[in-house]
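Side chains are part of it too, since the values below use all heavy atoms of this structure and drop only hydrogens, waters and symmetry mates. Residue numbers start from 1 in every chain, and the chains themselves are labelled A, B, ... in the order their sequence lines are given, proteins ahead of strands. This is a predicted model, so every value here is computed, not measured.
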Number of protein chains: 2
Amino acid sequence: MNTKVAVVDDHQLVRTGLVQMVQSLPGWEVTIEAANGKDFIDQTNLLSPPDIVLLDIRMPIMDGYETALWIRSHLPETRVLVVSMVSREPAVIRMLRMGVYGFITKNSTQAELHQALSRIQQKQFHVNELVGNRIFHYFSENSTEQLPDEKNTITDREFIFLRKCCSELTYRQIAKEMYVSPRTIDTYRDHLFEKLQVRTRVGLVIYALRSGLIEVDDLV
Amino acid sequence: MNTKVAVVDDHQLVRTGLVQMVQSLPGWEVTIEAANGKDFIDQTNLLSPPDIVLLDIRMPIMDGYETALWIRSHLPETRVLVVSMVSREPAVIRMLRMGVYGFITKNSTQAELHQALSRIQQKQFHVNELVGNRIFHYFSENSTEQLPDEKNTITDREFIFLRKCCSELTYRQIAKEMYVSPRTIDTYRDHLFEKLQVRTRVGLVIYALRSGLIEVDDLV
DNA sequence: TAATAAAACAGTGAATACACCGATATTTAG
DNA sequence: CTAAATATCGGTGTATTCACTGTTTTATTA
């Protein structure tokens, strides 16, 4: 039986490329093709989910972070391979902490994709060389200082909220998008203000950008 | 004889997607596949150049702008169709001024790509609907709506204000720093909202960063 | 010099953001 | 198993932001 793969990316072209690459590998097949997380969820049969999800980070409606969290809690057997443009450390580390199995960039060759898929199938982690070196640096160089947390880690929900803050959405709209009450959003905000030592929403945006959790290109 | 197409994009995946789409259209074939402008030039035979070049903007070594200029001066019969990630880029106009024939985003469907290619083959211009509406007004003389471009310049005071917006200062504090009344600040803000087509202060910050008026490192 | 654009200023009211106070259920970690 | 952290929700009140309406003075430039 073939290994089932889902391809989730809002760019039709990239999707076509990925599907094409996967389909041409013997033993692999693409069962789901979705434009964003929401679309993926709608198409997913909980009883026979895909084995591996190729997931983009930047997507409208429901982005890669949210989708990864959903997969972790709803499809424990399904593993995620992130296919992204970005390779900045904090974003990658955040993703790995969310239970993602691998990370490759969009200029990977078919051979690299194949290798990544195979390794993840065997429950091994896989990161692109480009990405890998950066992470190595991150853990070796500034493991003593620089990391603003240990104690003040941003939680997953707060992180998703933080990303949505970097837009023109009001808090009320963010609440709707995250399916929680505006009060909960207030709490996320207050906690982040405290943790990140800022006082305004612009402060949050600045922190997100300076820390690399958000890239300028991510901004709408 | 088939219409010859070159695909120039640094992302292998996108390239694969584009090639796949073009090859599946009867009457069209891909003769060149390149990772950047330099690579494209090296592969191009000046005596039998491609009819249409699918060109990405952001590429290492030699980007879309340079490549478009080179094509215009060396391959007068070859027409360029830009395939870019972002539609909002003010670069679109610059590109069209450089003699580019069309513009589509990377989330276009195969049908849209086909349509664009066909129109350009007949020497008609083609822009994505998403992009198109914004540009249309720009080129029509009796337009009221304006794009954040040369035509609608940010004044000196507004610019200083814009930079100060990228901080945790309240408008009142900014007013104090700029030695004007808070009302005046309101006017600066309202004018920028109008000119830059945003609705919130975070929108201003995003514009400043994306346009390069402010660098991430400048942020306090 | 007349027309135009920029810079400064102002009122009102509604929407949003922020600052305190609090709570409970669940998950995670020591 | 307890303690801490997380995720969720609530009330009250103030501060700030934003949207709409204007005027006046000062440069610029055609």
Side-chain angles (χ1 to χ4, degrees), chain A residues 65-66 68-70 72-74 76 94 97-99 148-208, chain B residues 141-142 144-146 148-208:
Chain A
Y65 295 101
E66 293 178 82
L69 277 182
W70 186 89
R72 191 176 63 174
S73 58
H74 292 82
R94 166 65 49 178
R97 286 233 307 260
M98 284 180 169
D149 8 283
E150 279 312 312
K151 207 165 194 180
N152 278 343
T153 49
I154 300 170
T155 68
D156 290 340
R157 297 291 286 169
E158 284 165 2
F159 177 70
I160 290 178
F161 165 71
L162 179 59
R163 296 196 100 238
K164 288 185 189 290
C165 277
C166 302
S167 74
E168 295 206 75
L169 295 173
T170 67
Y171 288 138
R172 215 161 283 179
Q173 289 171 318
I174 293 175
K176 202 167 269 179
E177 286 200 1
M178 289 182 70
Y179 302 105
V180 293
S181 111
R183 296 294 173 203
T184 308
I185 291 298
D186 283 351
T187 311
Y188 293 159
R189 183 196 57 216
D190 294 346
H191 284 172
L192 284 177
F193 279 0
E194 174 67 22
K195 288 178 182 177
L196 310 181
Q197 289 293 296
V198 298
R199 301 181 314 281
T200 66
R201 178 157 170 183
V202 174
L204 290 180
V205 175
I206 291 171
Y207 178 89
Chain B
E141 291 154 42
N142 49 358
T144 48
E145 194 188 338
Q146 281 152 334
D149 207 28
E150 305 138 27
K151 209 164 192 177
N152 212 345
T153 46
I154 300 168
T155 68
D156 289 343
R157 299 290 289 171
E158 282 166 3
F159 179 68
I160 294 175
F161 165 71
L162 180 58
R163 289 184 62 89
K164 288 188 188 294
C165 276
C166 302
S167 74
E168 295 205 74
L169 295 172
T170 68
Y171 288 138
R172 216 160 281 180
Q173 290 171 317
I174 293 175
K176 203 167 270 180
E177 285 200 4
M178 290 181 71
Y179 302 106
V180 294
S181 113
R183 294 297 175 197
T184 308
I185 291 298
D186 282 350
T187 311
Y188 294 159
R189 183 197 56 219
D190 293 346
H191 284 172
L192 285 177
F193 280 0
E194 173 67 22
K195 289 179 181 176
L196 310 181
Q197 290 292 297
V198 299
R199 299 181 316 281
T200 66
R201 178 157 170 184
V202 174
L204 290 180
V205 176
I206 290 171
Y207 178 90

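Applying the side chain to side chain donor-acceptor pair (under 3.5 Å) rule to A:Asp190 yields no partners; only residues at least two apart in sequence or on another chain are considered. For B:Arg201, the salt bridge (charged side-chain N to carboxylate O under 4.0 Å, His left out) criterion is met by no residue, not counting sequence neighbours. Looking at residues two or more places apart in sequence or on another chain, you find no salt bridge (charged side-chain N to carboxylate O under 4.0 Å, His left out) involving B:Arg157. Listed by chain and residue number, nothing satisfies the salt bridge (charged side-chain N to carboxylate O under 4.0 Å, His left out) test with A:Arg199 (two or more places apart in sequence, or in another chain).
Residues A:Ile154 and A:Leu196 meet the side-chain proximity criterion, which asks for heavy atoms closer than 4.5 Å.
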Between protein and nucleotides 15-22 of chain C, map the contacts as a letter string: B base, S sugar-phosphate only, - none, heavy atoms under 4.0 Å, written 5' to 3'.
-SSBS---

Side-chain donor-acceptor pairs of residues 171-178 of chain B under 3.5 Å, sequence neighbours excluded:
| residue | atom | partner | partner atom | Å |
| --- | --- | --- | --- | --- |
| B:Gln173 | OE1 | B:Thr170 | N | 2.8 |
| B:Glu177 | OE1 | B:Lys164 | NZ | 2.9 |

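Here C:dA10 presents its P atom at 13 Å from CD1 of B:Ile185, a figure rounded to the nearest Å. Atoms CG (B:Leu192) and P (C:dA6) sit 12 Å apart, rounded to a whole Å. C:dA6 atom C1' lies 13 Å from atom CE of B:Met178, rounded to whole Å. Between the P atom of C:dC9 and the CZ atom of B:Phe161 lies a distance of 14 Å, rounded to the nearest Å. Residue B:Ile174 contributes atom CD1, which lies 10 Å from atom P of D:dC18 at whole-angstrom precision. In this entry the distance linking CD of B:Glu168 with P of D:dT16 reads 13 Å, nearest Å. One interatomic measurement links the two molecules: CG of A:Asp156 to P of D:dT6, which rounds to 10 Å at whole-angstrom precision. Rounded to whole Å, the distance from CG on B:Leu204 to P on D:dT17 is 12 Å.
Within 4.0 Å of B:Thr184, counting heavy atoms only, lies at least one base atom of the nucleic acid.
In this model, the phosphate group of D:dG10 is approached by a side-chain N or O of A:Ser181 to a distance below 4.0 Å at OP1 or OP2.
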